[in-house]
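Letters go in sequence order (proteins before strands), and every chain restarts at 1.
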Number of protein chains: 2
Amino acid sequence: MTRRKSVRRTTIDDVAKLAGVSISTVSRVVSGNAPVNEDTATRVQRAIEELNYKPSTAARALSDRRTNAFGLLVSEIAAPYYLYLLRGIEMAVREAGLGLLINSVGMSENQQEKTRPFLGEHNTDGIIVSSGSLPDEELQRLHELGLPLVLLHRTSPNGLSIPSLNVDNQAGIKAIIDHLVTVHGHQRIAFLRGPESEEDSYWRELGYREALQAHGLPIDPSLIGYGGFDEHISYTMVSEWLESGMSFDAIFTGNDEAAPGVLNALYEHGLRVPEDVAVVGFDDDHLASRLTPKLTTVRSPIEQLGKEAVAQLLSLMEGKPTPSKILPIEFIVRQSCGCSG
Amino acid sequence: MTRRKSVRRTTIDDVAKLAGVSISTVSRVVSGNAPVNEDTATRVQRAIEELNYKPSTAARALSDRRTNAFGLLVSEIAAPYYLYLLRGIEMAVREAGLGLLINSVGMSENQQEKTRPFLGEHNTDGIIVSSGSLPDEELQRLHELGLPLVLLHRTSPNGLSIPSLNVDNQAGIKAIIDHLVTVHGHQRIAFLRGPESEEDSYWRELGYREALQAHGLPIDPSLIGYGGFDEHISYTMVSEWLESGMSFDAIFTGNDEAAPGVLNALYEHGLRVPEDVAVVGFDDDHLASRLTPKLTTVRSPIEQLGKEAVAQLLSLMEGKPTPSKILPIEFIVRQSCGCSG
DNA sequence: AGCGCTTTCGAAAGCGCTTTCATAAATTGT
DNA sequence: ACAATTTATGAAAGCGCTTTCGAAAGCGCT
């Protein structure tokens, strides 16, 4: 095994020697976990600076039984959605003086199977688990070990009571339907469903059905299709609809990522948005305001979700009760619905 | 200090006891660093599985003097550009059986100053340093410590010889100018410069000038403006140009992120793209193919850049010579240049 | 001067692993 | 059958820190 050019690192001993104290004292000065005489402390501080001493995280972790890092587990890192989530998480974690370990369980380069997650009880003090990134079984194991866990976009399995965080999917889709019906007078509103594996898909569809009913509108099953929260799948679905002669006033795309596919399909079939068909998305991701027409959508407070997740983890570490939360959404009116926004 | 509900972790001792061997043997079985009798190994393996033993990263790191993790240091995590970079890096790191620590040096929530990076020699075996995320001084310190380092989008300071990775900026912009001049016959091509702090800005401008000269075109300083690789800044710049009555056949936006701003400015001044003005970007990020019109651009192999960075780090760890690299780009013709793509 | 406190600090144990060194057992050659 | 190897394994040191425990010193009183 090749080893790094061995420039011996400065350790706590070096500092202790230079400052003329014991390592216990140095440790106390560094961590601030116990009182130290002011003069002594200053002397130690000077030694630390002179030697440019940085405590070893490994040694600290070993002694402390805590790694001072949180983990983020996602299934596919390169989703536009994660851009702001990551940002929120990173900021909060940094603010808390911790590190952030990231791990995707996506396909590995060579194999077709999912790789075992690298994160676990041994290298984090808590993990943010995004939907679909971890099987219930492993989730249970970690939870029973007492490792702080927060779920994103999914609820806790069984009776595990792991706190979870989500946006208010139902309120979001209701806002959309209300707007389309009330403001624009649309009646036939198509719905693109997300993947089964995402709970959000379920909540959004439920909200859709309830909202239609609330307006006394019929639920036409042929207006509900599979979009998979995906641009290409949605493109295909909408194309099929149009080619089979189906008609609708508006389409809810499932999420913003799917919107470009929907817009393209409509455009290629000679339909104008919003004149002929209104289009509304969900999330207000990076794309939404940059599409043509600008996408009317529901803003998920993604960055805040990330911060909140970190807060939950910290709360769990302190042993506090940490209830699940549903974050409020905001309806963003732009042009794709027919408003002049 | 509150401590996690203390479910004592299973350690190497537990495994050793159950398998009836010494911890040395268990260690050897786990790491495979020394031969172990086959029967013994099986027995140990069984014990490991039965106890669900996972070695402590901290203890390992302490003993090994290596953390088994790489770090990624960026200045602002929520840039669309990082989406695929992160993906490439994460995949490669995972494939190498390592962890990935992410750290942004962006503004912290409360303070206006940049936060001290969390990453360093003590918690990583190597760091990927994105442009602008670390002052030369700290870079030097880490490099002299012998920590493997790879620079992204910037070259090594002074005589430090830290390997760096970049895309072929000059070739990219030359391909653009060639296309605009040769295929579309444009002569007055405006150029939006990136931030001073980014080397890419420099290379792209240099390439622009050289390419114009190669075509025997004059360099009109008024056609060069500051876009800052930013949507809003670019919007403002282009608006000013148009309001001051400047005219041009085409605009190079600096990078794709700036493109929406440019398109909006043109659109709001009644100019059609590509009929009145051709627009070309750089990077082929997530947005490029989804704008209207679809953006002609240069594809930076961002994901590959990430993978390559990890490969460089691994190479450095093995003490191999690890030269810098410039990755080739690909010119992507879409519609914003006037092609029918 | 002697007593009980409080404050400050050092010695040493322990965190869970890897690895060196030594020993014991098995194998080979003569 | 015996020395010379080779192979398999354990004991123990060490990685750099935190923290417990106890001693020493300083303090205010009687």
Side-chain angles (χ1 to χ4, degrees), chain A residues 1-4 6-45 47-48 51-68 120-123 125 145, chain B residues 1-4 6-45 47-48 51-68 120-123 125 145:
Chain A
M1 184 160 299
T2 337
R3 185 144 298 177
R4 180 180 317 160
S6 165
V7 188
R8 211 178 68 70
R9 296 191 36 186
T10 51
T11 74
I12 199 171
D13 294 277
D14 303 325
V15 177
K17 207 160 298 167
L18 180 58
V21 298
S22 78
I23 62 167
S24 326
T25 301
V26 177
S27 172
R28 288 192 265 255
V29 170
V30 171
S31 69
N33 282 336
V36 171
N37 178 285
E38 201 170 328
D39 293 347
T40 321
T42 318
R43 207 144 30 87
V44 172
Q45 275 298 356
I48 288 176
L51 298 177
N52 200 349
Y53 166 72
K54 305 259 195 322
S56 144
T57 7
R60 221 184 203 150
L62 185 57
S63 182
D64 265 4
R65 284 71 141 352
R66 37 188 280 153
T67 64
N68 283 304
E121 70 278 19
H122 50 303
N123 52 7
D125 293 341
L145 231 48
Chain B
M1 183 160 301
T2 340
R3 186 145 298 176
R4 181 181 316 161
S6 162
V7 188
R8 212 179 67 71
R9 296 192 36 187
T10 51
T11 74
I12 199 171
D13 294 276
D14 303 324
V15 177
K17 205 160 298 165
L18 180 58
V21 298
S22 78
I23 62 167
S24 325
T25 301
V26 177
S27 173
R28 289 193 264 255
V29 169
V30 171
S31 69
N33 282 336
V36 172
N37 177 286
E38 200 169 330
D39 293 346
T40 321
T42 318
R43 208 143 31 86
V44 171
Q45 275 299 356
I48 287 177
L51 297 176
N52 200 349
Y53 166 72
K54 305 258 195 321
S56 145
T57 5
R60 219 181 205 155
L62 185 56
S63 182
D64 265 3
R65 284 72 143 348
R66 39 188 279 155
T67 65
N68 283 304
E121 71 278 20
H122 49 305
N123 51 8
D125 294 339
L145 229 49

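- Listed pair Arg60(A) / dT18(D) meets the phosphate criterion, a side-chain N or O lying under 4.0 Å from OP1 or OP2.
- Taking atom CG on Leu62(B) and atom P on dG16(D), their separation rounds to 7 Å, with Å as the unit.
- The side chain of Thr11(A) lies closest to dG16(D) when the candidates are dG16(C), dT19(D), dG16(D).
- Every residue two or more places apart in sequence or in another chain that forms a side chain to side chain donor-acceptor pair (under 3.5 Å) with Asn52(B) is listed here: Lys54(B).
- When the local axes at the two ends of the helix from dA1(C)-dT30(D) to dT30(C)-dA1(D) are compared, using 5 base pairs at each end, they differ in direction by 40° after rounding to 10°.
- Annotation: the span from Lys17(A) atom NZ to Thr10(A) atom OG1 amounts to 12.5 Å, rounded to 0.5 Å.
- Applying the side chain to side chain donor-acceptor pair (under 3.5 Å) test to Ser24(A) and every residue at least two apart in sequence or in another chain returns Ser22(A).
- Residue Arg9(B) contributes atom CZ, which lies 15 Å from atom C1' of dG14(C) at whole-angstrom precision.
- Listed by chain and number, the residues in a side chain to side chain donor-acceptor pair (under 3.5 Å) with Thr57(B) amount to none (sequence neighbours excluded).
- Regarding contacts with the backbone of dT18(D), every side-chain N or O of Asn33(A) stays at 4.0 angstrom or more from both OP1 and OP2.
- Between the C1' atom of dC17(C) and the CG atom of Asn123(A) lies a distance of 15 Å, rounded to the nearest Å.
- As rounded to whole Å, 10 Å separates atom P of dT19(D) from atom CZ of Arg66(A).
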For nucleotides 5-12 of chain D, print each protein N/O atom paired with a nucleotide N/O atom at under 3.5 Å, atom names and distance only.
from	atom 1	to	atom 2	distance (Å)
dT9(D)	OP1	Thr40(B)	OG1	2.6
dT9(D)	OP2	Asn37(B)	N	2.9
dG10(D)	OP1	Ser22(B)	N	3.4
dG10(D)	OP2	Ser22(B)	N	2.8
dG10(D)	OP2	Ser22(B)	OG	2.9
dG10(D)	OP2	Thr25(B)	OG1	2.5
dG10(D)	N7	Arg28(B)	NH2	2.8
dA11(D)	N7	Ser24(B)	OG	3.4
dA11(D)	N6	Ser24(B)	OG	3.0

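- Between the CG atom of Asp13(A) and the P atom of dC17(D) there is a distance of 7 Å, given to the nearest Å.
- Nucleic acid contact for Ser27(A): base, since at least one base atom lies under 4.0 Å from a heavy atom of the residue.
- Between Gln45(A) atom CD and Thr40(A) atom OG1 the span is 12.0 Å, to the nearest 0.5 Å.
- Among residues two or more places apart in sequence or in another chain, the side chain to side chain donor-acceptor pair (under 3.5 Å) test is passed with Ser31(B) by Asn33(B).
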